Amino acid sequence: MRPSERHAAILEIVDEHRHVSVDFLAQRFGASRETIRRDLTRLARDGRLRKYHGGAARSGALTEDAFSTRIHEFAREKRAVGRRAAALFGAGDSLFIDTGTTTLAFAQELAGTSGMTIITNSVSITQRLARGPGRNRVFLIGGEYRAEASENLGPLAVAQVAQFNAHHAVITVGAIGLNGLQDYALEEAEIARAMIARATRVTVVADASKLGRCALFPVCGLERIACLVVSAAPEGPLATKLAELGVEVIVAEAAPPSGSADRSQAASTGASTGKSQKLANRIDRDE
């Protein structure tokens with residue numbers, strides 16, 4: 001396959017799946033990871049997609065997938081980030097935790113620790129902490145319940161956050177860029193802002209696909225972050241800016257995939273296997 005044909009096929013796959021890994025593309029096209037990275041670099045330079053560590057996404061998307069889809073995307077990376085972030089906290093700490101797929105992984109790892117006070121707007125996080133072996137004091141923020149992400153939002157939730165002070169706010173967001181933290185949903189951004197305003201120290205947990213993204217609603221500037229726990233190191237101007245601001249960056253690398261289930265996860269970040277195979281067969285016929 002000529003590079004131009006491969007580029008067109010890559011764009012079609014990214015357009016369908018929203019984002020896709022280097023490993024999947026290398027396997028699909030029988031090319032080396034270095035070749036795929038060069039392809040993605042070229043397409044990103046032309047503004048046709050957005051490249052991030054380990055993969056690529058649609059260019060300029062200002063929305064994100066449903067929570068039920070995102071929870072399966074970059075699952076190994078989120079578990080690694082959650083495990084590393086949980087090690088930063090212990091007995092006597094008080095934490096705000098907002099709703100997100102990465103903070104859910106964080107809460108799962110935190111559930112074995114005792115002696116903490118946790119304030120969250122996530123019903124799922126509350127349940128995971130309550131069912132874990134640790135013994136902690138947990139406050140569930142009320143408000144308008146949104147079943148899609150099992151969270152409470154709205155003015156009542158924001159007002160209740162303001163009734164607490166905490167040592168830490170552990171936040172996950174949709175985008176991390178030079179302009180700061182951003183999110184795709186206004187009400188979720190409002191909760192994050194409220195938690196940050198009532199916390200002494202802010203820790204951000206994210207998989208590397210969030211780096212370099214832009215979203216609609218600002219959360220806070222980079223200068224408010226004390227620690228960023230992420231699945232791959234930031235690069236370029238973002239890395240420089242974080243260093244200048246003294247943000248502690250902790251890289252929590254996920255173990256390489258092993259077994260067919262992990263290979264399937266690496267192959268497609270949130271897309272169905274059936275759709276991938278259907279598209280692959282169509283490309284084969286076109287060749």
Side-chain angles (χ1 to χ4, degrees), residues 63-75 77-83 85-86 88-91 93-174 181-199 202-207 210 215 217 219-220 229 270:
T63 60
E64 62 182 351
D65 291 330
F67 191 93
S68 58
T69 299
R70 287 184 282 120
I71 201 167
H72 300 292
E73 297 171 350
F74 308 107
E77 289 81 357
K78 291 172 183 176
R79 286 195 298 270
V81 167
R83 188 177 308 115
L88 302 176
F89 306 98
D93 283 332
S94 55
L95 292 76
F96 286 113
I97 306 176
D98 73 346
T99 300
T101 56
T102 308
T103 45
L104 191 59
F106 166 70
Q108 183 67 47
E109 299 294 334
L110 203 66
T113 304
S114 295
M116 295 180 296
T117 299
I118 295 158
I119 308 106
T120 182
N121 69 318
S122 168
V123 176
S124 295
I125 287 175
T126 301
Q127 291 172 334
R128 293 202 180 190
L129 291 168
R131 294 169 182 167
R135 298 179 64 85
N136 299 292
R137 193 179 188 192
V138 182
F139 292 88
L140 175 62
I141 295 297
E144 182 180 356
Y145 177 68
R146 302 292 175 82
E148 199 272 327
S150 189
E151 63 183 333
N152 295 324
L153 297 170
L156 288 175
V158 171
Q160 287 186 34
V161 170
Q163 303 304 308
F164 295 88
N165 291 312
H167 298 133
H168 304 276
V170 181
I171 301 295
T172 188
V173 292
L181 307 182
Q182 302 161 8
D183 220 326
Y184 295 97
L186 174 59
E187 290 181 311
E188 291 183 350
E190 290 172 339
I191 289 289
R193 289 182 210 138
M195 290 181 172
I196 290 168
R198 305 299 295 183
V202 176
T203 296
V204 178
V205 292
D207 67 80
K210 306 300 190 296
F217 303 105
V219 174
C220 72
V229 186

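These numbers were taken from a predicted model, which means no experiment stands behind them.
The CG atom of Asp93 sits 9.5 Å away from atom CG of Leu88, with the distance rounded to the nearest 0.5 Å. Between the CD1 atom in Ile196 and the SG atom in Cys220 there is a gap of 4.0 Å [rounded to 0.5 Å]. For the atom pair CG of Leu153 and CD of Glu187, the computed distance is 5.5 Å after rounding to the nearest 0.5 Å. In this structure, the separation between CG on Leu129 and OG1 on Thr113 is 9.5 Å, given to the nearest 0.5 Å. Here CG of Leu104 is found 3.5 Å from CZ of Arg128. Values are rounded to the nearest 0.5 Å. For the atom pair CD1 of Ile119 and CZ of Arg137, the computed distance is 9.5 Å after rounding to the nearest 0.5 Å.
Closest heavy-atom contact between Ile125 and Ala107: CG2-CB, 3.7 Å. Pro133 and Gly112 get closest at one heavy-atom pair: CG-CA, 3.8 Å. The two atoms that bring Thr99 and Thr103 nearest to each other are C-OG1, 3.6 Å, heavy atoms only. Residues Ile97 and Met195 share a closest heavy-atom pair of O-CE, 3.6 Å. Residues Arg193 and Val219 share a closest heavy-atom pair of CG-O, 3.3 Å. Minimum interatomic distance between Glu109 and Ala86 (heavy atoms only, all atoms of both residues): CB-CB, 3.7 Å.
Looking at Thr117 and Phe164, their side chains never come closer than 4.5 Å, going by heavy atoms from C-beta outward. Side-chain contact between Val123 and Leu140: present, with at least one pair of heavy atoms (C-beta onward) separated by less than 4.5 Å. Taking the side chain as every heavy atom from C-beta outward, Thr120 and Asp98 never approach each other to under 4.5 Å. Inter-residue side-chain proximity for Leu95 and Phe106 is flagged as met; some heavy-atom pair is nearer than 4.5 Å. Taking 4.5 Å as the limit, every side-chain heavy atom of Leu110 sits out of range of all side-chain heavy atoms of Asn136.
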For the pair Ile191 and Val158, evaluate side-chain contact (heavy atoms from CB on, under 4.5 Å) and give the outcome as yes or no after the intermediate values. CA-CA 6 Å; Ile191 289 289; Val158 171; 4.1 Å; yes
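Of the possible donor and acceptor atoms, one in the side chain of Thr172 sits under 3.5 Å from a partner among the backbone N and O of Val205. Gln160 contributes no side-chain N or O that, together with a main-chain N or O of Ile141, makes up a donor-acceptor pair within less than 3.5 Å. The backbone N or O of Ala166 lies less than 3.5 Å from no partner atom in the side chain of Ser94, so there is not a single donor-acceptor pair.
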